[in-house]
Colleague: 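Just passing along the structure, written as structure tokens.
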Amino acid sequence: MKALIRPWLVAILMLPGAAWTAGGEDSGPPGAPPDPVLQSVADASKRQEWTRAAAILKEALVRSPSNAEYHNLYAYSIRKGPNPDMDLVFKHYAEALKLNPEHRGAHEYIGEAYLMSGNLVKAKEHLKALDNLCFFSCKEYRDLKREIAEYEAKHKR
């Protein structure tokens with residue numbers, strides 16, 4: 001009986017420590033000061049000022065080129081902006097995933113970018129990656145799954 005209970009007990013004990021990571025990939029431990037770059041980007045994104053958000057992140061990447069979240073959000077801002085350069089979008093999502101292969105947001109967003117480019121197969125590869133990363137269903141998995149279903153319904157022949 002102990003052998004059956006122990007894995008569940010370990011999983012339950014780990015939950016509070018893991019809960020703080022749900023706020024963002026690079027949100028840091030509780031009590032850490034918020035990242036001013038991410039705050040500025042969030043403010044610009046709320047107003048859908050994608051060009052401004054991209055400019056903030058481009059400058060931040062000069063100072064912190066190994067920040068996976070900056071690459072992820074830079075690609076997202078470019079993708080959401082006017083006339084997105086999809087080569088640049090894919091380059092920065094790929095860099096985010098190179099720096100952090102378990103970056104759930106980057107998997108979700110690159111999957112959406114693949115749908116924008118008409119590549120359903122690659123989008124599904126990232127959905128599978130999210131399925132493997134999320135112990136239980138996570139927001140990123142659910143969002144990309146919904147986007148794929150909508151894409152498939154729209155492109156059904």
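Treat the numbers as computed from the prediction; the structure is a model and nothing was measured.
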Colleague: Would you call H92 and R79 a side-chain contact if the rule is heavy atoms closer than 4.5 Å?
Modeller: no

Colleague: May I ask you to check whether H126 and E112 show a side-chain donor-acceptor distance below 3.5 Å?
Modeller: no

Colleague: What distance do I56 atom CD1 and Y74 atom OH have between them, rounded to the nearest 0.5 Å?
Modeller: 12.5 Å

Colleague: Inspect the contact between K122 and E125 and indicate whether a charged nitrogen and a carboxylate oxygen are less than 4.0 angstrom apart.
Modeller: yes

Colleague: Where is the tightest heavy-atom contact between A123 and L144, given as atom of each residue plus distance?
Modeller: O-CD2, 3.9 Å

Colleague: What distance separates E69 CD from L57 CG, expressed to the nearest 0.5 Å?
Modeller: 9.0 Å

Colleague: Pair E150, E147 - check side-chain contact (heavy atoms from CB on, under 4.5 Å), show working.
Modeller: CA-CA 5 Å; E150 289 173 6; E147 292 288 331; 4.3 Å; yes

Colleague: Any heavy-atom pair between the side chains of R142 and K139 that's under 4.5 Å?
Modeller: yes

Colleague: Do the side chains of Y76 and V41 get nearer than 4.5 Å, heavy atoms only?
Modeller: no

Colleague: Applying side-chain contact (heavy atoms from CB on, under 4.5 Å) to I148 and E152, what does each step give before you reach the verdict?
Modeller: CA-CA 6 Å; I148 287 172; E152 288 178 320; 3.9 Å; yes

Colleague: Taking all non-hydrogen atoms of both residues into account, name the closest pair between E140 and G105 and its distance.
Modeller: CG-N, 4.0 Å

Colleague: Sub-3.5 Å donor-acceptor pair from the side chain of H103 to the main-chain atoms of K98, do we have one?
Modeller: no

Colleague: Say you draw a straight line from CD1 of I110 to CG of N72; how long is it, rounded to the nearest 0.5 Å?
Modeller: 9.5 Å

Colleague: Can you tell me how far CE of M86 sits from OH of Y114, rounded to the nearest 0.5 angstrom?
Modeller: 9.5 Å

Colleague: To the closest 0.5 Å, what do you measure between CG (D87) and NZ (K91)?
Modeller: 10.5 Å

Colleague: Heavy atoms only: give me the nearest V37-A60 pair and the separation to one decimal.
Modeller: CG1-CB, 3.7 Å

Colleague: Taking all atoms of both residues into account, what is the closest heavy-atom pair of P65 and H71, and its distance?
Modeller: O-NE2, 2.8 Å

Colleague: Is a salt bridge present between K128 and D131, judged by a nitrogen-to-oxygen distance below 4.0 Å?
Modeller: no

Colleague: Give me the atom names and distance for the closest heavy-atom approach of S77 to A54.
Modeller: CB-N, 3.8 Å

Colleague: Any side-chain heavy atom of S117 within less than 4.5 Å of one from F90?
Modeller: yes

Colleague: According to a hydrophobic-cluster definition based on side-chain heavy atoms being under 4.5 Å apart (Ile, Leu, Val, Met, Phe, Trp, Tyr only), do L88 and Y93 belong together?
Modeller: yes

Colleague: Please evaluate residues Y141 and L127 with respect to the criterion side-chain contact (heavy atoms from CB on, under 4.5 Å), reporting the C-alpha separation (whole Å), side-chain torsions for both, the decisive distance (0.1 Å), and the verdict.
Modeller: CA-CA 6 Å; Y141 174 83; L127 182 65; 3.4 Å; yes

Colleague: Please determine whether residues L38 and I78 belong to a single hydrophobic cluster, defined as Ile, Leu, Val, Met, Phe, Trp and Tyr linked transitively by side-chain heavy-atom distances below 4.5 Å.
Modeller: yes

Colleague: Any idea which heavy atoms bring Y70 and S64 closest together, and the distance?
Modeller: CE2-CB, 3.9 Å

Colleague: Between E59 and R63, does at least one N-O distance fall below 4.0 Å, as a salt bridge requires?
Modeller: yes

